[in-house]
Amino acid sequence: MARWLLKSEPDVFGYDDLVAAKREGWDGVRNYQARNFMREMAVGDLAIFYHSNATPPGVAGICKIVKGAEPDPTQFDPKSKYFDPKSSPDDPRWDWVTVAPKKRLRFISLDQLREMPELVECRLLARGNRLSVIPLTDDEFDAIVAAGS
DNA sequence: GCCAACGTTGGC
DNA sequence: GCCAACGTTGGC
């Protein structure tokens, strides 16, 4: 089973929202590298739920992949902010996966994450990183869970 | 194929 | 609000 990290802005959709929704399609990913990672996700994979653009930013919980990649319907919806006029149902460009909450963690701030030796190579902490879907090693994942448990 | 311009992300 | 980093677009 693979391990991942997913970023979301809590003002838009935070961990509490996922708990309330029970499960949710991870919409709005419009970056090819992130999309390709989502295509590698399998049902049962676990992902760290990270709050970006927050005060402070950090980890809020764990979620699980409950449905693999399939076309993100918001790309076809002209009223959606994620609408992509260059995409079509015949040849969809963007996928989503469906996630469900697994376990809330004690909040781990970005500052705390930066102090963890297990994460020195984690892409999340790399300078200028903007990727919203990031693969984690088992060690990285386990270290984050331990820090928030 | 190059690269300048532009838009977005995300920490601060 | 600022700005660094990076991805995408489009003219050539």
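Labels below follow one simple rule: chain letters A, B, ... track the order of the sequence lines, proteins then strands, and each chain is numbered from 1. Keep in mind the model is a prediction, meaning the values are calculated, not measured.
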Just the rounded figure in Å: distance from [atom2] of [N] to [atom1] of [X].
| X | N | atom1 | atom2 | value |
| --- | --- | --- | --- | --- |
| A:R114 | B:dG11 | CZ | P | 8 Å |
| A:L125 | B:dG10 | CG | C1' | 13 Å |
| A:R93 | C:dT8 | CZ | C1' | 11 Å |

Q | A:K103 and A:S149 side chains, donor-acceptor separation under 3.5 Å | A | yes
Q: Would you check if there is a donor-acceptor pair between the side chains of A:D72 and A:T74 at a distance under 3.5 Å?
A: yes
Does OP1 or OP2 of [N] have a side-chain N or O of [X] closer than 4.0 Å?
| X | N | value |
| --- | --- | --- |
| A:K86 | C:dT9 | yes |
| A:Y50 | B:dG11 | yes |
| A:K7 | B:dT9 | no |

Q.
Test of understanding: with ring pair (Phe, Tyr, Trp, His ring centres under 6.0 Å), list the residues that count as partners of A:W96, not counting sequence neighbours.
A.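 With sequence neighbours excluded, A:W96 shows a ring pair (Phe, Tyr, Trp, His ring centres under 6.0 Å) to no residue whatsoever.
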Q: Check A:I108 against A:I144 and note the closest heavy-atom contact, atom names and distance.
A: CD1-O, 3.3 Å
**Q.** Given C:dG7, C:dA4, B:dG10, the nucleotide with the shortest approach to the side chain of A:R127
**A.** C:dA4
Q. DNA chain B in dot-bracket, Watson-Crick or G-U pairs under 3.5 Å, [ ] crossing, | other strand?
A. ||||||||||||
Q. Hey, mind stepping through A:W94 and A:F76 against ring-ring contact (aromatic ring centres under 6.0 Å, His included) and telling me if it holds?
A. CA-CA 10 Å; A:W94 307 112; A:F76 309 127; over 10 Å; no
Q. Does the pair A:D45/A:K64 count as a salt bridge with the N-to-O cut at 4.0 Å?
A. no
